[in-house]
Amino acid sequence: MSQTPGSQASAGSIKLNQGWLAPVGLLLLGMLPVIAGAFRLEQLSGISDAMPANPRFSPVPLPVVLHIVSATVLSVLGPLQFAAGFRRRWPTWHRVAGRLLVACGLLVALSGLWMTLFYAPPDGTGALLFVSRIVFGSAMVVSIIIGFVVILRRDVQGHRAWMARGYAIGLGAATQMLVLMVAGIVAGPPNELTHDSLTALSWVINLAVAEWAIRKRHAPRSRATKRSTAHVRASFAGEHP
Ligand code: HEM
């Protein structure tokens, strides 16, 4: 069946909207811990006591402050790096913001690791939380470093995959809040094992979604999909398909 220019344009705009779906979802999800972090910063700076003080952070607050500030930059600017159309249209933004985000991502993970090792463990948590924070925090550092090194060698596919993994681990903080909130509503306050298992599971869920997205992107596409993607690419570049 032949397509009219109008139907081609609307197919294009559907594709464009789909291209923004993931970044907007990432942004919204990331706002959960960012809001909690804003309350924590207000409490630590004495502006407000809406969030009760945490005696575990009070003697040495710098790591948690660095953690929250870098995590906020990562959660606000990070999603744009995954918007393919924006990336193609503003490659310089992607490169400059990308360098800042590499620094922020490393700071998030390294400060998270520092807090895991040197702050007293939170009440009601055990060895599983400690181990999973060490494992996933380290995996985030490794993913970001690999993602950065491979793009210097022009390996775009590897760069996308490793940055997606690193970001998925970072966003684990948001999935954990969501999962623990839902579990609390459904089954009441979790015990130590349930709490720690759900925390670890949230990281596994995020990594599974990232792997699925990476594989979906690299899967061989049908001719029809290739044609419509070429059309969208051409419209981004201001060309005729
Ligand atoms: C973008 C990602 C992240 C965001 C937005 C985020 C956000 C936060 C916030 C807001 C706090 C303060 C909690 C409070 O005031 O009680 C916190 C604490 C903490 N975060 Fe993250 N975080 C992120 C990633 C990570 C990662 C990857 C790790 C891995 C090790 C981590 C480990 C920790 C630790 C150990 C604490 C201390 C909290 C405690 O033990 O009670 N975070 N994070």
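Counting starts at 1 for both ligands and their atoms, following the listed order. Fair warning: this is a prediction, and the values are worked out from it, not measured in the lab.
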Participant: Write out the residue and atom name of the closest protein heavy atom to atom 27 (C) of ligand 1, then the distance separating them to 0.1 Å.
Facilitator: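 Answer, as residue, atom name and distance: Met140 SD, 3.6 Å.
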
Participant: Among Met31, Met51, Arg56, Met177, which one puts a heavy atom closest to atom 39 (C) of ligand 1?
Facilitator: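 That would be Arg56.
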
Participant: Considering heavy atoms of the protein only, find what lies nearest to atom 9 (C) of ligand 1 and give residue, atom and distance to 0.1 Å.
Facilitator: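 It is Ile68 CG1, 4.0 Å.
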
Participant: What do you reckon, is OH of Tyr119 surrounded by more than 12 foreign heavy atoms closer than 6.0 Å?
Facilitator: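 Yes, the 6.0 Å shell around OH holds more than 12 heavy atoms from other groups.
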
Participant: For residues Trp162 and Ile145, determine if any side-chain heavy atom of one lies less than 4.5 Å from a side-chain heavy atom of the other.
Facilitator: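 SC-SC contact between Trp162 and Ile145 ruled out.
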
Participant: Hey, does Ala109 sit under 4.0 Å from ligand 1 if you only count heavy atoms?
Facilitator: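 For ligand 1, residue contact (heavy atoms, under 4.0 Å) with Ala109 is absent.
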
Participant: Among the heavy atoms of Phe57, does any lie under 4.0 Å from an atom of ligand 1?
Facilitator: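 Heavy atoms of Phe57 do come under 4.0 Å of ligand 1.
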
Participant: May I ask you to identify, for Pro33, whether its side chain, its backbone, both or neither come under 4.0 Å of ligand 1 on a heavy-atom basis?
Facilitator: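 Pro33 to ligand 1: contacts from backbone and side chain alike.
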
Participant: Can Leu178 be reached from Leu207 by stepping across I, L, V, M, F, W or Y side chains whose heavy atoms are under 4.5 Å apart?
Facilitator: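 Yes, because Leu207 and Leu178 connect within a single hydrophobic cluster, where side-chain heavy atoms sit under 4.5 Å apart.
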
Participant: Report yes if Asn54 has an N/O atom closer than 3.5 Å to an N/O atom of ligand 1; otherwise report no.
Facilitator: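 By distance alone, the answer is no.
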
Participant: Specify side chain, backbone, both or neither for Arg133, according to which of its non-hydrogen atoms lie closer than 4.0 Å to ligand 1.
Facilitator: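 Within the 4.0 Å criterion, Arg133 contacts ligand 1 through backbone and side-chain atoms alike.
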
Participant: Does a donor on one side chain sit under 3.5 Å from an acceptor on the other, for Thr194 and Asn191?
Facilitator: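 Result is yes, a qualifying pair exists.
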
Participant: Are a donor atom and an acceptor atom from the side chains of Thr175 and Asn206 found within less than 3.5 Å of each other?
Facilitator: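 Their side chains do contain a donor-acceptor pair, which is all the 3.5 Å distance test asks for.
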
Participant: Does Arg40, backbone or side chain, put an N or O under 3.5 Å from an N or O of ligand 1?
Facilitator: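 Yes; the residue has a nitrogen or oxygen that sits under 3.5 Å from a nitrogen or oxygen of the ligand.
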
Participant: When you check the side-chain N and O atoms of Arg40 and Gln43, is any donor under 3.5 Å from an acceptor?
Facilitator: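 A donor-acceptor contact under 3.5 Å links the two side chains.
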
Participant: Could you tell me whether Ile134 approaches ligand 1 through its side chain, its backbone, both or neither, with non-hydrogen atoms closer than 4.0 Å?
Facilitator: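 For Ile134, there is no contact with ligand 1 at all, from either part.
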
Participant: Can you tell me the protein heavy atom closest to atom 2 (C) of ligand 1 and the distance?
Facilitator: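 Atom 2 (C) of ligand 1 sits closest to the protein heavy atom Gly170 O, 2.7 Å.
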
Participant: Rounded to the nearest 0.5 Å, how far does OG of Ser138 lie from CG of Leu113?
Facilitator: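 Result: 5.0 Å between the selected atoms.
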
Participant: What protein heavy atom sits nearest atom 4 (C) of ligand 1, and how far off is it?
Facilitator: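 Among all protein heavy atoms, the one nearest atom 4 (C) of ligand 1 is Ala71 CB, 3.4 Å.
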
Participant: Just go through Val65, Val108, Leu44, Val64 and tell me whose heavy atom is the nearest to atom 24 (C) of ligand 1.
Facilitator: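 The option holding the nearest heavy atom is Val108.
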
Participant: Under 4.0 Å, heavy-atom basis, I'd like to know which part of Ser75 is in contact with ligand 1: side chain, backbone, both or neither.
Facilitator: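 The answer is the side chain.
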
Participant: Nearest to atom 17 (C) of ligand 1, what protein heavy atom do you find, and at what distance?
Facilitator: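 Nearest protein contact, heavy atoms only, for atom 17 (C) of ligand 1 is His67 CD2, 3.4 Å.
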
Participant: Specify the protein heavy atom at minimum distance from atom 32 (C) of ligand 1: its residue, its atom name, and the distance to 0.1 Å.
Facilitator: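 The closest heavy atom on the protein side is Gly112 CA, 3.6 Å.
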
